[in-house]
Amino acid sequence: MSKELTSRAEDYSKWYNDIVVKADLADHSAVRGCMVIKPYGYGIWENMQKTLDKMFKETGHQNAYFPLFIPKSLFEAEEKNAEGFAKECAVVTHYRLKTNPNDKSKLIVDPEAKLEEELIVRPTSEAIIWNTYKGWIQSYRDLPILVNQWANVVRWEMRTRLFLRTAEFLWQEGHTAHATKEEAISETKQMLEVYADFVENWMAVPVVKGVKSANERFAGADDTYCIEAMMQDGKALQAGTSHFLGQNFAKAFDVKYVTKDNKQEFVWATSWGVSTRLIGALIMSHSDDNGLVLPPKLAPIQVVIVPIYKGDDGLAKVSETANDIKKKLQAKGISVKYDDRDSQRPGWKFAEYELKGVPVRIAIGERDLANGTVEIARRDTLTKETVNIEGIDSLIENLLNDIQLNLFNKAKARNQELTTTVNSYEEFKKVLDEKTGFVYAHWDGTPETEEKIKEETKATIRCIPLNNVQEAGVCIYSGKPSTQRVLFARAY
RNA sequence: CGGGGUGUAGCGUAGCCCGGUAUCGCGCCACGUUUGGGACGUGGAGGCCGUCAGUUCGAAUCUGGCCACCCCGACCA
């Protein structure tokens, strides 16, 4: 069969790639490093967007849209931010093509059409947004500004992987402006909680919430909060970040407001984002050697109904019951597909929807019609049972909740299994090589030590967990005193 | 960008060493029989062999450049 997947044991990376392509989520495009997100994959993204957008609005945010292009002079205003992103920027230098005089069938860049100032294709939008905010903010009465945008950004990555790292990706970026430091920090933390809530309760992926070390901090931020997820192979994946930007952008773009007692103050900022990378996290958290496994809350199709019949009359009879069940489920807000195509046989459909990760499959045959039953199969456990049609809507509703919970619990158990506390550098290296996963270890807090450990082991500090236990210890690398353990892992 | 690998029909491949216009399976189209875990039969369509150049009477095959993808590094959400 051409649709057979590479197994995880055989080649984990290939398995991941196979799933993306064979489950019809996305494909490589004609453009280096850029992917085509296909309808089924985009359906997952739409569900993510819908949920996150609602959460953002419930926490007081509004959507807006800013330009794709950022004039170079604006881009370079915040020095650290500019420096951090400079080496992966796409740059627009001309605004016109013309026919090649030597070959009429070809176009060349018109040298006459050089831009006065280069335009940077946004790798992130702080610069253009803070330049805009300058005009929006005069008084404390204009604050806070709580804005989000859904957009695409471009980061010219050396090496790309479908969903996990593409040169162009879709994301949302929230950019807020506040009168006080406390309020901005509280916003930063609030959005981290929103992300954690979404990733754990919708994606069914457990996360560790924490703060990045200085080395791993967003360019231009005073603090970067993050959620770190663990993939099946024990590697970490940064699933979302929320930055406290201090007054860095306000100072770079001269954004001040007048306080109640008529003083000029710089504005405090945050930014936060998650991207289509989350789809990669979803795949690598739950899927198996049979294909994708989707959490019911984000599955484009939650239930598929497959008819089993002989002849047109048989199909008509089965369809009546199938459509009836479909209506009942839809009334409960469940998304249902009734696949009555005659061009594929039932066995083919079973395999296909398994590969695509549809959480629940209902099979109805003429045998069932006689008994008043259907066969229900769940994707997460690959188990089947025959149940009465009576009350099927509630049963499926509960089953979807069960699957959602089961996926989370399985991932949670794996996380715990693959989380180790170590006390020596030897042990640290051994765990990383032999067991993989998250490793908690004492660290002296210096960037130098972090850098050395990274060089020698490829493991980075994923975060300093929030509400971390404070305990005296010694750094596994330098032997210097340490007050807490931090989370290390090899990461995507 | 450095190291390694791969590129032949929609997909997976044989052929390449030893140059003579491409093999097989799946998929696709038509018709018929089928339909409770990826059906079967018969007939059919589809490939300037990644791309550009060179060697040659002749290149999938030999030589070189380029491009894309995969793996390992550096970078990163």
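What you see is a predicted model; the values in this text were computed from it and never measured. Labels below follow one simple rule: chain letters A, B, ... track the order of the sequence lines, proteins then strands, and each chain is numbered from 1. The analysis underlying the following values was restricted to heavy atoms, covering all of them including side chains, and did not include hydrogens, waters or symmetry mates.
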- prompt: Looking across every strand, which nucleic acid part, if any, lies under 4.0 Å from A/L164 by heavy atom: base, sugar-phosphate, or nothing?
  reply: base
- request: In whole angstrom, give the distance that lies between atom NE2 of A/H28 and atom P of B/rG7.
  value: 17 Å
message: On the nucleotide B/rC71, are OP1 or OP2 found under 4.0 Å from the side-chain N or O atoms that A/S13 carries?
response: yes
message: If the condition is ring-ring contact (aromatic ring centres under 6.0 Å, His included), which residues does A/F408 pass it with, not counting sequence neighbours?
response: none
task: Go through B/rA77, B/rU35, B/rG38 for me and flag the one nearest to the A/I308 side chain.
output: B/rU35
message: From C-beta outward on A/E157, which listed nucleotide comes closest to its side chain: B/rC76, B/rA74, B/rG36?
response: B/rC76
A/A351 side chain, from C-beta outward: closest of B/rC71, B/rC70, B/rG37: B/rG37
message: Between B/rG38 and A/F350, is there a base-stacking contact, meaning the centre of the base's six-membered ring lies under 5.5 Å from the residue's ring centre while the planes stay under 30° apart?
response: no
query: Given B/rC28, B/rG37, B/rU35, which nucleotide is nearest the side-chain atoms of A/Q344?
result: B/rC28
- request: Let me see the working for A/S125 and A/Q149 under side chain to side chain donor-acceptor pair (under 3.5 Å), right down to the final yes or no.
  value: CA-CA 9 Å; A/S125 301; A/Q149 87 165 342; 3.2 Å; yes
query: Is the NZ or CZ atom of A/K356 positioned over A/Y40's six-membered ring, under 6.0 angstrom from the centre and within 45° of the axis?
result: yes
Phosphate contact (B/rG73 OP1 or OP2) by A/K458 side-chain N/O below 4.0 Å: yes
message: Whole angstroms only, please: what is the CG-C1' distance between A/D313 and B/rU35?
response: 15 Å
field: Side-chain donor-acceptor contact under 3.5 Å, A/Q172 with A/N148
entry: yes
field: Side-chain heavy-atom pair A/T436, A/R490 within 4.5 angstrom cut-off
entry: no
- prompt: Looking for any heavy atom pair under 4.0 Å, which part of the strands does A/R361 touch: base, sugar-phosphate only, or nothing?
  reply: base
- prompt: Between B/rG37, B/rU34, B/rA77, which one does the side chain of A/Q238 approach most closely?
  reply: B/rA77
message: Could you check whether the side chain of A/R155 and the base of B/rC76 have a donor-acceptor pair of N or O atoms closer than 3.5 Å, going by distance alone?
response: no
query: Quick one: is B/rG36 close enough that its OP1 or OP2 comes under 4.0 Å of any side-chain N or O from A/R345?
result: yes
query: When you check the phosphate oxygens OP1 and OP2 of B/rU33, does a side-chain N or O of A/K310 lie under 4.0 Å from one of them?
result: no
- request: Taking only the side-chain heavy atoms of A/E88 (C-beta and beyond), determine which of B/rC75, B/rA77, B/rC70 contains the nearest atom.
  value: B/rC75
- request: Record whether the side chain of A/K384 comes under 3.5 Å of the base of B/rG37 through a donor-acceptor pair of N or O atoms.
  value: yes
- prompt: Any N or O donor-acceptor pair linking the side chain of A/E354 to the base of B/rG37 at under 3.5 Å?
  reply: yes
- prompt: In terms of side-chain heavy atoms of A/R159, which of B/rC71, B/rC75, B/rA77 is nearest?
  reply: B/rC71
- prompt: What integer number of Å spans the P atoms of B/rG4 and B/rA77?
  reply: 29 Å
query: Between A/M158 and A/D312, which has a closest nucleotide on RNA chain B that is more 5'?
result: A/D312
